[in-house]
Amino acid sequence: MPKHLLKKFLLVLVGALAIAVGITFFNTTNATTTFYYAVTELESLSSKESGANGINNSGQVVGYSYPSGGPMHAVLWDDGTLIDVKTGGAITLNYASASNKMGQVVCNLSPGWHVLGRCPYLWQDGKVTYIGECGGSSYVSAINNAGQVAGWDITRAFVWQNGNTNYLSSLGGSNSYSLALGINNRGQVVGSSSTSSEQHAVLWQNNTIKDLGTLPGGSGSQASSINEIGTVVGLSNTSSGSTHAVLWQKRQIKDLGTLDGNDTQATDINNRGTVVGYSFNSYDAPIHAFVWRNGTMRDLNSLLPANSGWELTAAYGINDRGQIVGKGKKDGQTKAYLLTPIWITN
């Protein structure tokens with residue numbers, strides 16, 4: 001992070017330019033560079049709620065938005081243009097989870113557990129394909145550039161590709177179940193699986209399952225994302241019963257800490273090792289978005305100027321450009337946002 005300010009006249013000039021284009025900045029400093037995020041409110045279908053769930057390396061953002069009437073719609077923001085992701089039929093896609101470099105978007109019929117007896121979808125250029133087995137309750141969470149989709153059907157984690165569903169193994173136990181939440185371009189999958197008594201974060205690779213474990217004394221954990229070098233992020237319980245964002249690297253777990261004393265969850269990591277997530281309360285409701293970099297967790301709101309108009313409640317995705325997406329409060333409404341890093345060298 002930056003450690004000293006640029007000359008005052010340069011900061012004044014940058015501030016004036018920010019006001020001119022209607023963009024909000026935050027800044028910290030180091031010896032030679034000032035670092036900012038430009039905050040962009042993503043267009044929505046109406047004045048009602050919207051949220052961004054993921055961003056690919058092309059800068060395409062996926063999420064949801066409420067129209068003026070009816071249920072939420074899955075949406076894609078492509079170079080700032082809002083696209084209502086539709087099936088072309090009677091079914092409305094409610095929630096877009098992720099996308100890849102080819103513009104393939106994975107969608108669900110609700111933000112929570114999938115509607116019984118119906119499948120989630122793969123959407124691309126207006127065409128849709130059913131994913132997984134349609135007889136149960138399915139949910140899809142991630143897609144890589146090969147078109148492999150990670151998700152789960154009732155109690156079984158799976159990877160789907162080109163109409164074929166490969167169910168993944170579980171850690172075992174009498175009430176065994178597993179969830180696939182993240183996948184990288186090497187086909188490594190992360191999520192969670194039940195043991196005989198607990199739910200643990202796991203890594204699936206080459207048709208084998210690896211228990212990633214918990215923080216010392218913790219009773220459970222869950223992995224949410226994996227980057228191309230195999231670094232995994234998620235959450236773990238602690239011996240005191242709280243929940244902390246964590247990182248697994250070379251099978252070793254690292255506690256990323258808490259935010260303002262609240263529980264935390266890491267949601268995504270890019271190939272530079274930057275982690276995003278959010279703090280939450282006892283009702284699992286997001287409180288503040290965070291970014292973790294070089295061993296330090298920062299509340300994104302603490303880096304915004306007092307008059308930004310934003311309260312960023314959650315960060316759900318980050319790409320290799322360092323762009324971050326999520327949702328926050330603006331003008332009393334929950335809105336999708338995009339943060340873009342800007343570096344100014346002194």
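Values below: all heavy atoms of this structure, side chains included; hydrogens, waters and symmetry mates excluded.
Residues Thr313 and Lys329 have side chains that never bring a donor and an acceptor to within less than 3.5 angstrom of each other. Ser68 and Ser46 share no donor-acceptor pair across their side chains, judged by distance under 3.5 Å alone. In this structure, a donor-acceptor pair under 3.5 Å is absent between the side chains of Ser224 and Thr267. In this structure, a donor-acceptor pair under 3.5 Å is absent between the side chains of Tyr121 and Asn108.
Nearest heavy-atom pair, Ala150 versus Val189, reported as atom, atom and distance to 0.1 Å: CB-CG1, 4.4 Å.
Other residues, nucleotides and ligands place no more than 12 heavy atoms under 6.0 Å from the CG atom of Asp79.
Residues passing the side-chain hydrogen bond (donor to acceptor under 3.5 Å, both in side chains) test with Asn262, sequence neighbours excluded: none. With sequence neighbours left out, Glu43 forms a side-chain hydrogen bond (donor to acceptor under 3.5 Å, both in side chains) with no residue at all. Residues passing the salt bridge (charged side-chain N to carboxylate O under 4.0 Å, His left out) test with Lys330 are Glu41, sequence neighbours excluded. Tyr316 meets the side-chain hydrogen bond (donor to acceptor under 3.5 Å, both in side chains) test with no other residue; sequence neighbours excluded.
Applying the side chain to side chain donor-acceptor pair (under 3.5 Å) definition to pairs two or more places apart or across chains, those involving residues 211-222 are His200-Asp211, Ser219-Asn237.
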When the side chains of residues 53-60 are checked against the rest of the protein, which donor-acceptor pairs come out under 3.5 Å, sequence neighbours left out?
from	atom 1	to	atom 2	distance (Å)
Asn53	OD1	Tyr95	OH	3.3
Asn53	ND2	Ala96	O	2.8
Asn56	OD1	Ser58	N	3.0
Asn56	OD1	Gly59	N	3.1
Asn56	OD1	Gln60	N	2.9
Asn56	ND2	Gln60	OE1	2.9
Asn56	ND2	Ser99	OG	3.3
Asn56	ND2	Asn100	O	2.8
Asn57	OD1	Asp320	N	2.8
Asn57	ND2	Asp320	OD2	3.1
Gln60	NE2	Asp78	OD2	3.3

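Gln188 has its side chain within reach of Leu203: a pair of non-hydrogen atoms, C-beta onward, lies under 4.5 Å apart.
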